[in-house]
Amino acid sequence: MPVMPASSRSGGVRPARRGASVLAALALTALTSAALVPATASAAEPYVVGGEETSVADHSYAVYLVDDDGRQFCGGTLTSSREVVTAAHCADALPADELGVVAGRQDTRTDRGIEAGVRDVWVAPSYQDPMSGGDIAVLSLDRAVPYRTAQVADDSDAAKYRAGTEATVLGWGRTAESGERSNTLRSAEVPVVAADTCSEAYDEYDPETMVCAGYPEGGTDACQGDSGGPLMVGDTLIGVVSWGDGCARPGKPGVYTRVSTFEPQLGGQSVDT
Ligand code: ARG
């Protein structure tokens with residue numbers, strides 16, 4: 001997949017100071033970054049970015065998406081034995097018959113755990129591109145996966161979105177902005193960021209459909225390859241890794257799809273046969 005062309009969302013209505021760098025960051029999505037030869041990996045940011053290795057056995061709802069060649073390119077969250085919530089921009093990257101889901105595999109270099117095929121893909125109807133919101137999709141798997149699933153945040157979970165709530169992001173993505181993918185599952189704690197603060201960071205931020213998380217000083221974040229993966233509060237999926245300006249930059253929190261907004265649409269997307 002080619003780098004998402006910046007022209008595809010230029011539109012000309014945006015002031016110049018917006019967009020450019022965020023677009024550059026967004027351009028490095030999914031398969032694109034899988035194919036990229038990592039540039040100089042910064043030794044200063046050793047993890048997810050700023051996190052630590054974590055056990056997939058303890059977070060078995062955390063899964064990853066692979067292409068035809070078995071290459072990891074996004075994350076996902078098991079929300080039932082046959083359903084994975086991911087980002088629309090991940091689900092869109094390939095035809096369903098070329099998508100695979102790997103569950104229960106700590107290290108991408110091994111063949112442990114389970115690989116499932118994707119029978120059906122539902123993408124939020126409002127989705128156009130990550131920065132316009134609706135970056136969420138549900139993959140229906142071709143087999144049941146016997147792992148612990150995550151709860152999907154709904155209206156009753158408003159408290160989990162309060163600024164300062166400690167959330168956990170998980171993934172196999174880059175461990176620094178221009179670093180390499182992790183071979184192993186990593187996690188990091190990131191506080192939920194107030195809507196006002198996130199609006200200041202990004203003109204594109206929409207409090208209805210997105211939630212931001214990160215520290216004002218940066219240093220800890222999701223990064224390329226983590227897209228589609230979970231932002232958890234306890235056992236509840238509150239966000240889906242979607243976009244950001246670079247990774248772990250000061251004043252530039254990670255932006256996640258606000259799961260509770262889409263929860264009413266997520267159920268009943270697949271027939272469990
Ligand atoms: N779009 C990226 C992906 O496809 C995820 C970017 C998340 N960025 C961030 N700074 N939190 O993997």
Side-chain angles (χ1 to χ4, degrees), residues 1-4 6 8-9 21-36 38 42 45 47-51 62-67 71-77 86-94 99 108 127-137 167-182 185-193 198 201-202 204-205 210-232 238-258:
M1 190 183 73
V3 169
M4 185 188 295
S8 71
R9 46 169 296 114
S21 59
V22 178
L23 269 178
L26 242 187
L28 295 170
T29 49
L31 288 177
T32 318
S33 41
L36 281 178
S42 150
E45 304 284 4
Y47 312 119
V48 147
V49 176
V63 301
Y64 64 86
L65 310 192
V66 290
D67 65 14
R71 281 184 307 194
Q72 184 273 348
F73 69 95
C74 270
T77 307
T86 187
H89 82 262
C90 294
D92 255 13
L94 290 171
L99 278 176
T108 58
Y127 174 72
Q128 289 180 325
D129 60 84
M131 291 158 84
S132 309
D135 191 11
I136 191 165
T168 304
V169 59
L170 295 118
W172 287 263
R174 290 185 180 203
T175 57
E177 187 172 315
S178 46
E180 297 188 48
R181 299 294 177 96
S182 176
L185 179 62
R186 299 266 177 188
S187 73
E189 303 296 312
V190 276
V192 172
V193 168
C198 203
Y202 299 114
E204 296 84 356
Y205 173 72
M210 303 171 191
V211 57
C212 292
Y215 296 95
E217 68 274 22
T220 308
D221 197 4
C223 200
Q224 271 59 43
D226 290 321
S227 274
L231 180 69
M232 303 290 295
I238 69 157
V240 174
V241 177
S242 181
W243 60 278
D245 184 358
C247 304
R249 295 184 186 181
K252 295 292 177 183
V255 187
Y256 298 79
T257 309
R258 184 177 285 259

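Scope of the values below: all heavy atoms of this structure, side chains included, with no hydrogens, waters or symmetry mates. For ligands, and for the atoms within them, numbers begin at 1 and follow the listed sequence. For reference, positions follow the sequence shown, starting with 1.
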**Report entry** G75 to Q72 - nearest heavy-atom pair and separation
**Finding:** N-NE2, 4.5 Å

Report summary line: Near D226 (heavy-atom distance under 4.0 Å), the atoms of ligand 1 are 12 (O)

Query - Proximal atoms of ligand 1 relative to G254 (non-hydrogen, under 4.0 Å) - result: 11 (N)

Requested in this report: Answer side chain, backbone, both or neither: which part of C74 comes under 4.0 Å from ligand 1, heavy atoms only.
Outcome: neither

Report task. Looking only at non-hydrogen atoms, find the nearest pair between C90 and L99 and report the distance. Result -> O-CD2, 4.5 Å

Query raised in the report: Heavy-atom contact under 4.0 Å between P130 and ligand 1?
Result: no

Query - M210 to E204 - nearest heavy-atom pair and separation - result: CE-O, 3.6 Å

Report task. Return yes if some donor-acceptor pair links the side-chain N/O of K252 with the main-chain N/O of A201 below 3.5 Å, else return no. Result -> yes

Query raised in the report: What atoms in ligand 1 come closer than 4.0 Å to a heavy atom of C247?
Result: 10 (N)

Query raised in the report: Does a sphere of radius 6.0 Å around CD in E189 hold more than 12 heavy atoms from other residues, nucleotides or ligands, not counting ones at 6.0 Å or beyond?
Result: yes

Requested in this report: Would you check if V240 and D135 make a side-chain contact, meaning some heavy-atom pair closer than 4.5 Å?
Outcome: no

Query raised in the report: Counting heavy atoms only, which part of A248 comes closer than 4.0 Å to ligand 1: side chain, backbone, both or neither?
Result: neither

Report task. For D221, counting its heavy atoms only, list the atoms of ligand 1 lying under 4.0 Å from any of them. Result -> 9 (C), 10 (N), 11 (N)

Report summary line: Under 4.0 Å between heavy atoms, the region of H89 that gets near ligand 1 turns out to be side chain

Query raised in the report: Which of the atoms of ligand 1 are close to G225, meaning less than 4.0 Å from one of its heavy atoms?
Result: 3 (C), 12 (O)

Query - Contacting atoms of ligand 1, where contact means under 4.0 angstrom from a heavy atom of C223 - result: 5 (C), 12 (O)

Report summary line: Note: D245, heavy atoms under 4.0 Å from ligand 1, region reported as neither

Report summary line: For V241, the atoms of ligand 1 under 4.0 Å from one of its heavy atoms are 5 (C), 7 (C)

Requested in this report: State whether the shortest distance between N or O atoms of S227 and N or O atoms of ligand 1 falls below 3.5 angstrom.
Outcome: yes

Query raised in the report: Under 4.0 angstrom from ligand 1, any heavy atom of R174?
Result: no

Query raised in the report: Would you find a donor on one side and an acceptor on the other, under 3.5 Å apart, between the side chain of S227 and the backbone of W243?
Result: no

Query raised in the report: Does G246 reach ligand 1, in the sense of a heavy atom lying below 4.0 Å from it?
Result: yes

Requested in this report: Indicate the atoms forming the closest heavy-atom contact of V190 with A213, along with that distance.
Outcome: CG2-CB, 3.9 Å

Report summary line: The atoms of ligand 1 lying under 4.0 Å from a heavy atom of S242, numbered in the order shown, are 1 (N), 5 (C)

Query raised in the report: So do the side chains of L170 and Y64 get within less than 4.5 Å of each other, counting heavy atoms only?
Result: no

Query raised in the report: Is a donor on one side and an acceptor on the other found under 3.5 Å between the side chain of Y127 and the backbone of A87?
Result: no

